[in-house]
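Data block below; observations after.
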Amino acid sequence: MAPTGRAALLAALSSLPVGIWDAGWTGILAVNVPLAAACACDYALAAPVRRLLLTRSGDTSVRLGEPADVTLTITNPSRRPLRARLRDAWPPSSWQPGTETAASRHRLTVPPGERRRVTTRLRPTRRGDRHADRVTIRSYGPLGLFARQGTHKVPWTVRVLPPFTSRKHLPSKLARLRELDGRTSLLTRGEGTEFDSLREYVPGDDTRSIDWRATARQSTVAVRTWRPERDRHLLVVLDTGRTSAGRVGDAPRLDAAMDAALLLAALASRAGDRVDLLAYDRRVRALVQGRAAGDLLPSLVDAMATLEPELVETDARGLASTALRTAPRRSLIVLLTTLDAAPVEEGLLPVLPRLTQRHTVLVASVADPRIARMAGARGTTDAVYEAAAAAQAQAERHRTAEQLRRHGVTVVDATPDALAPALADAYLALKAAGRL
């Protein structure tokens, strides 16, 4: 029990006339005994804390950056009114810095046998699961001199989902997809295409697309046109190894990679393609397979919510083997990883032929916008040295990207804000070229 009325008691004693103190112990006892009796009575009239009944309700998931409301219902089964201060404790990342005190502390009064609700508004700053901690209640007597204090465990979990900020690019990408589906000049041949229509031959058309039977029935040369086949398979692979932990701006590279993966998945599902997700470093961290178009995005954001970068070197051989097992037939494998020279040359390049032999491979990487700014800096000695270091880093990334392209890999290297639309454009370009 916490004697919270100590300050009030001392203030009352210090306000007594000086003559009372001079009267000796008899006068002091004559004053202290009534005050002590008042404090004891105040403590006795405070509602008991441990008998209170607490339950929770409210939001169980929220996108990063948006508010979530969790309601706490307090039932007072005693015969005394509850006059209390309450603290609803959550992890520090559940609020913006500096707002925890105002958001987590509440004053309430609950008459005997009744219940009241208080709402705690969370605004998480990190992805993942946020678990409620203890609820601490301090119950005051009618005079406010003393209080009873106790804690309750009231479990609740709020899952903080990726924000999907690239959603704003989806309408423009869908417009390009509809334009692509409506084209009749797309010429491809072989497995993975659907016959669309016949049209007149124009110089430059592939002669293998000439329909000789249709040509024989008319006076002009007819060619077959094709459209990209639907129901193709995409496997999005998130590298969750140590390189994904590097921060670009205010967030790790993994967050930008997940945002790009969500836009690609939304676009591909609208195109009629099937999308799976694999997150891997030295073991499988998340796997989403076989989801229908309507369930795809909710499943992806739920799986991504708890993903965190692991400070280990990614096992490229294990990643390739797992990807091949996950995508047994020809697919587009989108690998969101780094373009740093050492991890690519020592890890990815040796196993790349196993992937490109069966699949179309696209590698996407998050570039640091500070490197471009440093490369253009001049004016001081430090700026010149920084520009030289940035130019060297850019040259290494370009060489690494060229090595991948020589193996038939499509490479997307863009800053966090530009990565998602650039990856979507690369997907549409592959579709337009008939490579899906």
Which atoms form the tightest heavy-atom contact between [X] and [Y], and what is the distance?
{"X": "Arg232", "Y": "Asp273", "answer": "N-OD1, 3.1 Å"}
{"X": "Arg80", "Y": "Ala47", "answer": "O-CB, 3.8 Å"}
{"X": "Arg56", "Y": "Pro155", "answer": "CD-O, 3.9 Å"}
{"X": "Thr109", "Y": "Arg116", "answer": "O-CG, 3.5 Å"}
{"X": "Pro77", "Y": "Leu52", "answer": "CD-CA, 4.1 Å"}
{"X": "His152", "Y": "Val49", "answer": "NE2-O, 2.9 Å"}

Under the side chain to side chain contact (heavy atoms under 4.5 Å, CB included) rule, what do Asp302 and Arg159 come out as? Steps first, then yes or no, please.
-> CA-CA 8 Å; Asp302 189 63; Arg159 173 157 290 188; 3.0 Å; yes
Output yes when a side-chain donor or acceptor of [X] lies under 3.5 Å from a complementary backbone atom of [Y], and no otherwise.
{"X": "Arg117", "Y": "Leu72", "result": "no"}
{"X": "Ser94", "Y": "Trp90", "result": "no"}
{"X": "His131", "Y": "Val158", "result": "no"}
{"X": "Asp340", "Y": "Ala342", "result": "no"}
{"X": "Thr151", "Y": "Val135", "result": "no"}
{"X": "Arg63", "Y": "Glu66", "result": "no"}
{"X": "Asp239", "Y": "Gly241", "result": "yes"}
{"X": "His359", "Y": "Ala327", "result": "yes"}
{"X": "Ser299", "Y": "Asp295", "result": "yes"}
{"X": "Arg127", "Y": "Ala305", "result": "yes"}

For Arg330 and Thr360, what are the C-alpha separation, side-chain angles and deciding distance, and is it a side-chain hydrogen bond (donor to acceptor under 3.5 Å, both in side chains)?
-> CA-CA 8 Å; Arg330 184 168 183 81; Thr360 301; 3.2 Å; yes
Should we count [atom1] of [X] as having more than 12 external heavy atoms under 6.0 Å?
{"X": "Gln218", "atom1": "CD", "answer": "yes"}
{"X": "Arg115", "atom1": "CZ", "answer": "no"}
{"X": "Arg247", "atom1": "CZ", "answer": "yes"}

Could you give the distance from [atom1] ([X]) to [atom2] ([Y]), rounded to the nearest 0.5 Å?
{"X": "Asp425", "Y": "Lys173", "atom1": "CG", "atom2": "NZ", "answer": "3.5 Å"}
{"X": "Leu170", "Y": "Leu263", "atom1": "CG", "atom2": "CG", "answer": "6.0 Å"}
{"X": "Trp156", "Y": "Asp59", "atom1": "CH2", "atom2": "CG", "answer": "8.5 Å"}
{"X": "Leu423", "Y": "Asp413", "atom1": "CG", "atom2": "CG", "answer": "12.0 Å"}

Under the side-chain hydrogen bond (donor to acceptor under 3.5 Å, both in side chains) criterion, do Thr240 and Asp281 qualify, and how do the steps go?
-> CA-CA 5 Å; Thr240 56; Asp281 42 69; 2.6 Å; yes
For Arg291 and Asp276, what are the C-alpha separation, side-chain angles and deciding distance, and is it a salt bridge (charged side-chain N to carboxylate O under 4.0 Å, His left out)?
-> CA-CA 8 Å; Arg291 296 295 193 274; Asp276 293 338; over 6 Å; no
Within the 3.5 Å criterion, strictly below it, is a donor on [X] or [Y] matched to an acceptor on the partner's side chain?
{"X": "Ser166", "Y": "Asp259", "value": "yes"}
{"X": "Ser321", "Y": "Arg354", "value": "yes"}
{"X": "Thr120", "Y": "Asp88", "value": "yes"}
{"X": "Arg123", "Y": "Gln96", "value": "no"}
{"X": "Thr356", "Y": "His407", "value": "no"}
{"X": "Thr119", "Y": "Asp69", "value": "no"}
{"X": "Arg358", "Y": "Ser331", "value": "no"}

Electrostatic pair [X]:[Y] at N-O distance under 4.0 angstrom:
{"X": "Glu310", "Y": "Arg242", "answer": "no"}
{"X": "Asp133", "Y": "Lys153", "answer": "yes"}
{"X": "Arg282", "Y": "Asp315", "answer": "no"}

Answer yes or no: is there a side-chain heavy-atom contact under 4.5 Å between Leu54 and Ile137?
->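 Yes; the side chains approach each other to less than 4.5 Å.
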Check the pair Leu332, Leu430 against side chain to side chain contact (heavy atoms under 4.5 Å, CB included), reporting the backbone distance first and the verdict last.
-> CA-CA 9 Å; Leu332 170 63; Leu430 290 172; 3.9 Å; yes
Go through Arg370 and Glu386 one step at a time and tell me if the salt bridge (charged side-chain N to carboxylate O under 4.0 Å, His left out) criterion holds.
-> CA-CA 11 Å; Arg370 293 178 301 174; Glu386 289 179 356; over 6 Å; no
Applying the side-chain contact (heavy atoms from CB on, under 4.5 Å) test to Met304, which of Leu277, Leu161, Val288 qualifies?
->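 Single pass found, and it is Leu277.
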From the options Val334, Leu362, Leu234, select the one residue that forms a side-chain contact (heavy atoms from CB on, under 4.5 Å) with Tyr427.
->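 Passing option: Leu234.
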For Glu402 and Arg405, run salt bridge (charged side-chain N to carboxylate O under 4.0 Å, His left out): C-alpha distance rounded to whole Å, both residues' side-chain angles, the deciding distance at 0.1 Å, then the answer.
-> CA-CA 5 Å; Glu402 285 302 318; Arg405 291 187 181 101; 3.1 Å; yes
Checking side chain to side chain contact (heavy atoms under 4.5 Å, CB included) for the pair Ile210/Val221: CA distance, chi angles, key distance, verdict?
-> CA-CA 7 Å; Ile210 296 176; Val221 178; 3.8 Å; yes
With sequence neighbours excluded, tell me which residues meet side chain to side chain donor-acceptor pair (under 3.5 Å) with [X].
{"X": "Arg130", "result": "Ser93"}
{"X": "Ser365", "result": "Arg397"}
{"X": "Ser244", "result": "none"}

Given Leu254 and Val366, is the side chain to side chain contact (heavy atoms under 4.5 Å, CB included) satisfied, shown in steps?
-> CA-CA 9 Å; Leu254 180 60; Val366 182; over 6 Å; no
From CA spacing to verdict: side-chain hydrogen bond (donor to acceptor under 3.5 Å, both in side chains), Thr415, Asp417 = CA-CA 6 Å; Thr415 59; Asp417 292 338; 5.8 Å; no
Criterion salt bridge (Lys or Arg N to Asp or Glu O under 4.0 Å) against Glu100, the qualifying member of Arg105, Arg121, Arg87 |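 Testing each of Arg105, Arg121, Arg87 against Glu100, the sole residue satisfying salt bridge (Lys or Arg N to Asp or Glu O under 4.0 Å) is Arg87.
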